[in-house]
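I have placed the structure first, in the form of structure tokens, so that the comments after it can refer back to it.
Residues: numbered from 1 along the sequence shown.
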Amino acid sequence: MTDSKYFTTTKKGEIFELKAELNSDKKEKKKEAVKKVIASMTVGKDVSALFPDVVNCMQTDNLELKKLVYLYLMNYAKSQPDMAIMAVNTFVKDCEDPNPLIRALAVRTMGCIRVDKITEYLCEPLRKCLKDEDPYVRKTAAVCVAKLHDINAQLVEDQGFLDTLKDLISDSNPMVVANAVAALSEIAESHPSSNLLDLNPQSINKLLTALNECTEWGQIFILDCLANYTPKDDREAQSICERVTPRLSHANSAVVLSAVKVLMKFMEMLSKDLDYYGTLLKKLAPPLVTLLSAEPELQYVALRNINLIVQKRPEILKHEMKVFFVKYNDPIYVKLEKLDIMIRLASQANIAQVLAELKEYATEVDVDFVRKAVRAIGRCAIKVEQSAERCVSTLLDLIQTKVNYVVQEAIVVIKDIFRKYPNKYESVIATLCENLDSLDEPEARAAMIWIVGEYAERIDNADELLESFLEGFHDESTQVQLQLLTAIVKLFLKKPTETQELVQQVLSLATQDSDNPDLRDRGYIYWRLLSTDPVAAKEVVLAEKPLISEETDLIEPTLLDELICYIGTLASVYHKPPSAFVEGGRGVVHKSLPPRTASSESTESPETAPPGAPSGEQPDVIPTQGDLLGDLLNLDLGPPVSGPPLATSSVQMGAVDLLGGGLDSLIGGPNFVTPPAAAVPANLGAPMGSGLSDLFDLTSGVGTLSGSYVAPKAVWLPAMKAKGLEISGTFTRQVGSISMDLQLTNKALQVMTDFAIQFNRNSFGLAPAAPLQVHAPLSPNQTVDISLPLNTVGSVMKMEPLNNLQVAVKNNIDVFYFSTLYPLHILFVEDGKMDRQMFLATWKDIPNENEAQFQIRDCPLNAEAASSRLQSSNIFTVAKRNVEGQDMLYQSLKLTNGIWVLAELRVQPGNPSLTLSLKCRAPEVSQHVYQAYETILKN
């Protein structure tokens with residue numbers, strides 16, 4: 001009879017009977033009783049009352065009985081810690097049993113009993129088992145160390161178990177090596193800062209040797225460990241790849257994916273010119289194809305991983321298009337993934353095949369799949385230019401089927417094709433207009449309205465078509481309303497005489513009758529543009545649009561690199577980094593691909609350009625529509641990128657345009673250019689702490705340690721406006737480095753994390769030089785002080801007032817905005833001292849109308865004290881003379897963007913009022929320089 005009989009009994013008074021049986025002298029009866037106890041425990045009955053009786057049964061030579069008792073112990077030790085101590089002696093004894101299976105069983109159970117009181121008694125038996133002669137015992141003991149570390153990390157470190165684990169990596173038995181690696185990886189994950197797996201070429205060699213003889217899960221542990229290693233050069237990377245490649249033919253898909261992860265990571269270091277690189281690409285395709293013959297769930301996981309691999313290296317699978325063709329019995333989730341990969345692999349060579357397939361799919365019965373197939377045809381047209389004509393005719397054939405959802409999807413993708421290839425396929429517009437009445441989905445209606453507005457001059461009855469949409473304006477979705485508003489304004493600008501009534505009707509619907517703020521704002525902007533300056537309206541509304549890009553759904557490159565490091569894990573299925581879905585973020589380490597070695601890159605990347613080499617021009621970025629604050633919300637993509645390294649000063653002392661540097665950019669003149677980052681010497685632009693060279697670099701003409709006046713912190717963002725986050729701050733300049741000193745206070749009831757900061761474009765290009773580092777979560781009522789280094793290589797836009805800075809701060813709760821005024825003296829650079837001759841020539845050269853005069857009252861300083869105080873804030877005295885009892889100080893200063901300001905300060909002994917005359921090529925800075933003078937002299 002089978003053991004199922006133990007689960008059928010439902011007698012009452014059972015516990016008492018079991019107690020008697022457990023204390024029986026007969027071995028068979030004891031075993032039967034323990035089986036009944038385990039059966040009751042399994043179905044959820046509480047049999048903890050039998051704890052002492054079951055523990056008494058531990059003293060036996062019968063392995064089956066011992067296993068059952070240990071199983072009971074693991075389950076109830078937590079609820080009966082005092083009783084569990086009774087079992088310690090048996091554990092210690094069993095760890096010295098001649099049978100290795102019993103020794104291993106004892107050490108495994110010890111690791112599973114999570115009771116603090118017992119752990120210290122288990123150290124000695126565990127130490128013996130780690131050095132046991134039998135590999136089965138050693139491999140079990142290795143895993144036990146990881147379990148013990150989870151209960152009491154300090155104890156494991158004090159007892160030296162971690163060093164023993166490291167020694168086991170050199171063990172002669174491959175399974176022991178694999179378990180040691182697994183245990184160390186587990187411990188390292190919960191302590192990312194500790195360098196437990198100190199991998200070097202010798203230990204890597206041992207792991208690779210063990211790899212061939214391990215069980216499949218042992219191989220996965222070793223491969224995952226190898227993936228965390230960064231080889232010292234491309235030769236070592238190639239050697240590891242050669243020894244890992246045989247794993248690609250393993251029967252277990254997890255081993256295959258782990259091997260693919262290692263190879264994808266190390267391929268980064270191999271030169272594309274190597275023969276081996278081509279061989280490796282060929283070897284990677286067959287195992288990935290084989291994964292697609294598994295059951296659907298496994299196929300889905302494989303396809304999600306392949307999607308990442310194809311985005312990183314499409315050449316691996318470029319000849320394998322056919323395996324991604326959809327089978328009739330594939331589940332929908334597999335079909336959609338295959339479709340996505342087909343589009344990624346589409347090229348001129350295979351486009352005919354792909355289009356024939358997609359056309360077939362568009363006649364399927366599954367609505368979601370058909371929609372995706374029609375979209376895919378449009379994406380192919382945008383990706384492979386040569387196929388665009390064929391794609392458009394395929395879409396027209398599909399529109400002729402008159403199947404409602406097919407027609408709607410086709411119109412949406414044709415709109416994108418028009419954007420990609422203007423003035424090529426507009427002949428199809430007539431066919432599209434015929435289907436106008438059948439459109440009922442917002443996206444399709446919006447696309448059709450866009451087409452009518454964009455090509456209104458080619459459609460005779462464009463006004464009638466748009467008017468038909470206007471009738472139910474308030475019932476339309478926002479997306480359609482916005483498109484309709486823009487389309488009618490476009491139509492009016494193209495045919496003003498015929499459509500005046502129509503445009504007034506839509507503007508009044510959008511502004512007076514609508515509750516939607518986006519629609520109202522757009523309506524008012526158009527209304528004002530049309531009423532004040534129709535020419536400007538034409539330039540804005542009918543401006544030439546940028547072509548849309550080929551692949552809009554590609555994963556962002558840094559995230560893709562991180563996900564490649566997580567192939568074969570949940571992150572590769574979600575397409576999200578572990579930090580996005582692992583609660584609490586414990587043990588989540590951001591991974592990245594190894595840098596390419598010098599031999600593997602024929603061209604130098606901007607990061608490795610030699611000093612002094614001009615860095616490439618920054619590409620123009622088109623800001624997204626409605627993004628007035630310069631994409632302030634987009635804070636999740638990583639730390640602010642600091643600009644190009646500051647070069648040495650480009651303003652030569654003998655140059656004619658001494659005062660003109662960067663002026664046009666500041667006042668937004670016709671020659672709008674970014675201010676020269678080079679206007680600050682490299683040594684002064686470096687952040688604080690970049691070495692003693694800052695202090696002793698006399699070549700810049702500064703021999704003293706500069707520390708300008710620092711205003712006390714003011715509240716910039718009150719807690720009531722930022723959901724409990726209060727931000728106070730001030731600005732400082734020390735030794736050529738500008739900082740924003742912040743104080744963050746959490747006045748909310750929840751913890752705040754994930755802080756980030758971004759500045760809007762501003763007059764002097766101020767931008768964060770590093771991410772906002774808040775190292776620990778900010779608990780309620782906690783305050784933290786942070787110094788954020790700034791540079792002046794950000795985007796420039798003239799602000800009102802000139803020293804206005806708009807800031808966005810993000811945390812886990814929301815994004816908050818505030819603006820503050822920075823004192824101009826933080827922008828006075830250390831090499832702002834002119835020589836006398838140059839000062840005289842420049843003073844004469846600047847027109848008199850650029851001179852501004854100010855009074856600084858209540859400032860009882862003599863000339864020496866004033867000069868000394870101003871010099872500490874980088875306002876330098878060039879010359880001094882006494883005229884009729886008045887001390888005249890002639891001073892110069894230079895701003896970070898190269899603008900020079902010349903000053904004459906009159907100090908009359910005994911008179912607390914000083915007279916300041918300023919001359920500058922950009923007179924709008926004079927008021928702010930005067931405020932800086934007043935602040936410095938009075939504090």
Side-chain angles (χ1 to χ4, degrees), residues 169-170 177-178 181 184-185 188 195-212 214 218-250 254-288 305-306 308-317 557-558 560-569 571-572 589-605 607-608:
I169 288 184
S170 311
V177 175
V181 167
L184 283 169
S185 303
N195 191 17
L196 288 176
L197 276 162
D198 186 16
L199 299 172
N200 53 44
Q202 290 73 36
S203 57
I204 289 293
N205 195 29
K206 287 170 188 163
L207 292 181
L208 287 165
T209 308
L211 187 62
N212 298 324
C214 279
Q219 291 181 25
I220 292 165
F221 288 131
I222 291 177
L223 287 167
D224 286 350
C225 178
L226 287 172
N228 293 330
Y229 174 64
T230 304
K232 61 179 188 296
D233 56 25
D234 52 350
R235 285 180 62 186
E236 190 187 356
Q238 182 175 337
S239 157
I240 295 172
C241 288
E242 283 168 355
R243 294 176 70 180
V244 167
T245 311
R247 299 299 108 217
L248 292 173
S249 52
H250 202 284
V255 176
V256 174
L257 281 177
S258 292
V260 168
K261 168 168 61 183
V262 175
L263 297 173
M264 285 292 290
K265 199 168 174 184
F266 290 175
M267 276 171 85
E268 281 295 301
M269 298 184 71
L270 301 179
S271 163
K272 293 190 176 180
D273 308 331
L274 279 176
D275 292 341
Y276 180 69
Y277 182 84
T279 313
L280 198 53
L281 286 180
K282 284 184 190 137
K283 283 184 179 172
L284 273 168
L288 292 172
N305 281 279
I306 288 169
L308 296 175
I309 293 165
V310 165
Q311 287 185 53
K312 185 72 187 166
R313 299 196 185 280
E315 61 271 26
I316 292 175
L317 288 161
T558 48
L560 180 62
D561 285 354
E562 186 176 351
L563 292 176
I564 291 289
C565 300
Y566 285 110
I567 282 176
T569 67
S572 66
V589 186
H590 282 289
K591 298 184 182 180
S592 60
L593 293 179
R596 285 192 171 277
T597 51
S599 61
S600 68
E601 277 288 23
S602 49
T603 55
E604 283 184 332
S605 64
E607 289 83 15
T608 56

So, for K232 and P201, which heavy atoms are closest and what is the spacing to 0.1 Å? NZ-CG, 4.2 Å

Measure the CG-CD distance between N212 and Q219 for me, rounded to the nearest 0.5 Å. 7.5 Å

Specify the closest pair of heavy atoms between I567 and S572, including all atoms of both residues, with the distance to one decimal. CA-CB, 4.0 Å

Okay, side chain of S239, backbone of R235: is any donor-acceptor separation there less than 3.5 Å? no

What closest approach, in Å, do L281 and E315 show between heavy atoms, and which atom pair accounts for it? CD1-CG, 3.5 Å

One should read off an interatomic distance between N305 CG and L563 CG, to the nearest 0.5 angstrom, of 10.0 Å

Stepwise salt bridge (Lys or Arg N to Asp or Glu O under 4.0 Å) test for K283 and E242: CA-CA 11 Å; K283 283 184 179 172; E242 283 168 355; over 6 Å; no

Working note: M264 + I316, criterion side-chain contact (heavy atoms from CB on, under 4.5 Å); need CA distance, chi angles, decisive distance, verdict. CA-CA 11 Å; M264 285 292 290; I316 292 175; 3.9 Å; yes

Distance (rounded to the nearest 0.5 Å) between M267 CE and K312 NZ: 10.5 Å

Using a 4.5 Å cut-off on heavy atoms from C-beta on, say whether the side chain of P231 contacts that of F266. yes

Is any side-chain heavy atom of C214 less than 4.5 Å from a side-chain heavy atom of F221? no

I would like to know whether K265 and I564 meet side-chain contact (heavy atoms from CB on, under 4.5 Å); could you show each step before the answer? CA-CA 7 Å; K265 199 168 174 184; I564 291 289; 5.5 Å; no

Taking V255 as the fixed residue, which of V260, L211, L223 is the one that meets the side-chain contact (heavy atoms from CB on, under 4.5 Å) rule? L223

Between S203 and N200, the two heavy atoms sitting closest are N-OD1, 2.8 Å

Residue from L263, I240, V262 passing side-chain contact (heavy atoms from CB on, under 4.5 Å) with T245: L263

Before giving the answer on side-chain contact (heavy atoms from CB on, under 4.5 Å), spell out for L208 and L226 the whole-Å C-alpha distance, their side-chain angles and the decisive distance to 0.1 Å. CA-CA 9 Å; L208 287 165; L226 287 172; 3.7 Å; yes

Within the 4.5 Å heavy-atom criterion, are L207 and Y229 side-chain neighbours or not? no

So NZ of K261 and CG of L308: to nearest 0.5 Å the spacing works out to 12.0 Å

K206 and V177: CA distance, side-chain angles, deciding distance, side-chain contact (heavy atoms from CB on, under 4.5 Å) verdict: CA-CA 9 Å; K206 287 170 188 163; V177 175; 6.0 Å; no

With rounding to the nearest 0.5 Å, note down the distance linking OG in S258 to CG in L248. 11.0 Å

If I take atom OG1 from residue T279 and atom CG from residue L284, how far apart are they, to the nearest 0.5 angstrom? 11.0 Å

Check whether any side-chain heavy atom of I222 sits under 4.5 Å from a side-chain heavy atom of C225, and report yes or no. no

Pairing donors with acceptors under 3.5 angstrom, does anything connect the side chains of D561 and T558? no

